[in-house]
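Worksheet: one structure, shown below.
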Amino acid sequence: MAANYNSKDIVVLQGLDAVRLRPGMYIGTTGIKGMHHLLWEIVDNAIDEIANGYGNKITITIHTDNSVTVKDNGRGIPVDKHPTLKVSGVQVVFTQLHAGGKFNNSNYSYSGGLHGVGASVTNALSEWLKVEVCREGQRYFMEFKAVKKSKDKISGGVPVTPLQCLGPTTETGTTVTFKPDDRIFKDCLFDRETIAKRVRELAFLNKGIVIELIDENQVEELGDQVRVYNYTEGLKEFIRFINEKNTVIYKEPIYIEAKTNLIELTCAIQHVDLYSENVFSYVNNIPTPEGGMHETGLKSGITKAFNEIARNMGLLKEKDQNLLGEDYREGMTVVLAIKMKNVQFEGQTKTKLGNPEARLEVENIIYDGLINFANQTSSKPILTEIINKAKGAAKVRDAARKAKEITRQKNSVDSYSLIGKLSSCTGRNPLLNEVFIVEGDSAGGSAKQARDRSFQAILPLRGKPLNVEKKRLSQVLDNEEIRTIISALGTGIGSDFNIEHLKYNKVIIMADADQDGAHIRAILLTFFYRYMRELINAGHVYVAIAPLYKIYKKGFEKYVYDEADYDDVVKEAGPGYNVTRFKGLGEMSYMQLWETTMNPSKRVLIRVTIDDVADAEEMITTLMGDNIEARKKYITANANFNKVDKFEERSKK
Ligand code: 28G
């Protein structure tokens, strides 16, 4: 038995060794994101089992040793011997790459992107992994671990024992516990908030599912050691959550649900009294911020249906032109989630759906769904609101187009004076160049002295730029600071945006570490988010972090960038140290500014990313929106203005 067992392992381990050799190929990075990916592989399997109609609950427990347990109450992974591989189904799932048939098996239908690489990848990159299966009246157990093979070779996911039967049970389901191997993921710990965000999203996307999140690192008295996510209304609740801070123009979101041979679709739509459009799309539970065929289909379905409805309701007359899609999408929040087989992801971040067949399928379902909705008498007031809002949008669209023309002319006439503010760099290679957007003329002056002019340009902003959140495009373009930024970057904005014209590889926001600076950062990030999102997606936007203190004495000098590091640095300095506190960029000499904030070999930059679109949306609407109470609350809760959290992650240079 044992000999037989080992011979089977050989083939299997070759596969897993490949994973340990090049983890990045399977999980993207060996940083914190990659480590969380191990968890998502296991959670994905549990979600799949429940989405297939078996069980309703998942429990995720973060343990104090950085291991995690995931438990579902599905059928339990099959335990009988696989007909060709001759080992238990459990062993197949955890040792065969792509086991579970996520790619080619009709039982398991959906996969996507880096997701769906399989539980074996988690196993290969874990120090140990334990599985318990309850199935057909029996409880089973199996354990795997990483084993040292020679001086510098470790194999991961090696079975410690074959599948064991532990005796009878009335339960059914699968429980997996694993500990990421810290030889691969150095200094990485599971982050409760990261997990909570994704789990909340999964609970919105899979209505009815109950996901319990337990963090054993959290002491009970502090509150939420256990959080439960359960949304019986799914995307409807998701949309209410996204729009929570805004004023909606009708209360009940429009909801569409359908299943065809090709796809399963759910969609919720609700308008707010603002002007931007917010489309959140997912394929197989994976966010697709770059859009793709399903979004194209969604948009044409919406435009076609609403124009037809507008005519039927007499809100568009025979002589009137059809309204444009963008008119109907003004102030519209949509969440679209589809599931389909054999997905192809494309685009810069592999988050764009490429399957051409998805386009018409989504278009037809959305069109039918909306026409159907219009046939219910209760929908009339809602549709009247939507169509009248769209008519308003069409009117200003015309005016906006004219304003844009004028601005374009203005820009070319004024370009000398606009660019006059910009101290450009001498280098001509956009890939090497960077531009600092600096608050205030005096800081701008220091930055000009400090910079390395061969590749660093400085764009000082006079006052605060316009808060674009509540503004239409024409008003946005009326703002001189904004126009200056647009012409300095060279890309154009909105639908005219072209990243190939970008003149700088890094666009760095440099503002004070105080409340005012935080506001300017938020205004600029909002502008980029609303009008140049691709700039963020492509990783060109950064926030420079200026030091808060300098701690020094004879033979010792260190800058403190984070309030939390202060005590450590003081300890390191020892007795007799001095402290300089920097209230703003303006209080530093230009040499200090260079040393601490601009010199690429020493500075701290945060690359702005949109990991969680709904979250970024929440931050933007809260910080920039109408609801002053919500904004005050948010600012109080996130009072550390040196940290621009939620919206970014640190990039190790
Ligand atoms: C708790 C953490 C993660 C899972 C199931 C259930 C089945 C299954 C999973 O089958 C196909 C067959 C054997 C390899 C399917 C049970 C059909 C009938 C299942 C999970 C491929 C996979 N009965 N529950 N896999 N196998 N939960 N939770 O992983 O050969 S994975």
Side-chain angles (χ1 to χ4, degrees), residues 8-9 11-12 15-16 36-63 67-111 115-126 128-144 157 159 162-163 169 171-180 190 195 198-199 202-203 206 209-214 229 284-285 341:
K8 282 286 170 289
D9 288 347
V11 195
V12 159
L16 294 194
H36 282 78
H37 208 98
L38 303 190
L39 171 62
W40 303 132
E41 284 305 325
I42 304 298
V43 171
D44 277 0
N45 286 352
I47 297 258
D48 278 353
E49 177 68 358
I50 291 172
N52 281 332
Y54 306 96
N56 66 342
K57 184 173 177 182
I58 299 172
T59 305
I60 301 171
T61 310
I62 310 166
H63 305 292
S67 64
V68 203
T69 299
V70 182
K71 178 181 165 84
D72 71 48
N73 62 351
R75 291 166 293 181
I77 303 176
V79 293
D80 45 334
K81 280 219 161 86
H82 190 278
T84 50
L85 296 162
K86 303 281 194 305
V87 294
S88 69
V90 174
Q91 186 165 339
V92 172
V93 167
F94 287 95
T95 56
Q96 289 283 298
L97 284 178
H98 299 158
K102 282 197 136 200
F103 288 82
N104 296 311
N105 184 313
S106 56
N107 275 334
Y108 262 72
S109 356
Y110 304 119
S111 74
H115 292 256
V117 292
S120 58
V121 169
T122 302
N123 191 22
L125 300 175
S126 291
W128 50 261
L129 181 145
K130 299 171 190 182
V131 199
E132 193 181 287
V133 168
C134 295
R135 189 179 164 87
E136 288 156 3
Q138 298 293 322
R139 185 185 303 272
Y140 301 88
F141 177 79
M142 186 163 186
E143 181 175 359
F144 306 85
L163 187 74
T169 176
E171 267 183 72
T172 70
T174 305
T175 307
V176 177
T177 305
F178 69 95
K179 183 173 178 341
F190 280 112
I195 296 172
R198 173 63 176 154
V199 159
L202 285 168
N206 298 274
I209 204 164
V210 179
I211 312 183
E212 197 174 66
L213 177 59
I214 302 171
Y229 300 90
N284 301 343
N285 292 328
K341 291 181 198 182

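In listed order, ligands and their atoms are each counted from 1. Note that the coordinates shown come from a computational prediction; the quantities given were computed from them, not determined experimentally. All values below were derived from every heavy atom in this structure, side-chain atoms included, with hydrogens, water molecules and symmetry-related copies excluded.
Residues Thr177 and Trp128 have side chains in contact (heavy-atom distance under 4.5 Å, counting atoms from C-beta outward). Side-chain contact between Ile58 and Tyr229: absent, with no pair of heavy atoms (C-beta onward) separated by less than 4.5 Å. Contact check for Ile195 versus His36: side-chain heavy atoms found under the 4.5 Å cut-off.
Between the side chain of Asn56 and the main chain of Ile50, no donor-acceptor pair closer than 3.5 Å is present. Distance alone, capped at 3.5 Å, is enough to place a donor-acceptor pair between the Asp72 side chain and the Thr174 backbone.
Taking distance alone, with nitrogen or oxygen atoms compared against 3.5 Å, Arg135 approaches ligand 1 more closely than that limit.
Residue contacts with ligand 1: Gly74 is excluded, as none of its non-hydrogen atoms falls under 4.0 Å. The closest approach between a heavy atom of Ala119 and any atom of ligand 1 is not below 4.0 Å.
Atom numbering of ligand 1 starts at 1 in the shown order; those under 4.0 Å from a heavy atom of Glu49 are 5 (C), 6 (C), 7 (C), 24 (N). Residue contact check: His82 has heavy atoms under 4.0 Å from atoms 30 (O) of ligand 1. Every atom of ligand 1 is numbered from 1 in the order shown, and the set under 4.0 Å from a heavy atom of Ile42 is 2 (C), 3 (C). Distances below 4.0 Å separate heavy atoms of Val70 from the following atoms of ligand 1: 1 (C), 2 (C). Against a heavy-atom cut-off of under 4.0 Å, Val176 is close to the following atoms of ligand 1: 2 (C).
Residues meeting the side-chain hydrogen bond (donor to acceptor under 3.5 Å, both in side chains) test with His63, sequence neighbours left out: Thr69, Glu216. Asn206 pairs by the side-chain hydrogen bond (donor to acceptor under 3.5 Å, both in side chains) definition with Asn285, Lys339, not counting sequence neighbours.
Ranked by closest heavy atom to atom 14 (C) of ligand 1, the top entry among Thr59, Asn45, Ile58, Val92 is Val92. Selection from Pro78, Ala46, Gly89 by nearest heavy atom to atom 12 (C) of ligand 1 gives Pro78.
Heavy atoms only, all atoms of each residue included: His82 and Leu85 are closest at ND1-N, 3.2 Å.
Counting heavy atoms under 4.0 Å from ligand 1, residue Asp72 touches it through both backbone and side chain.
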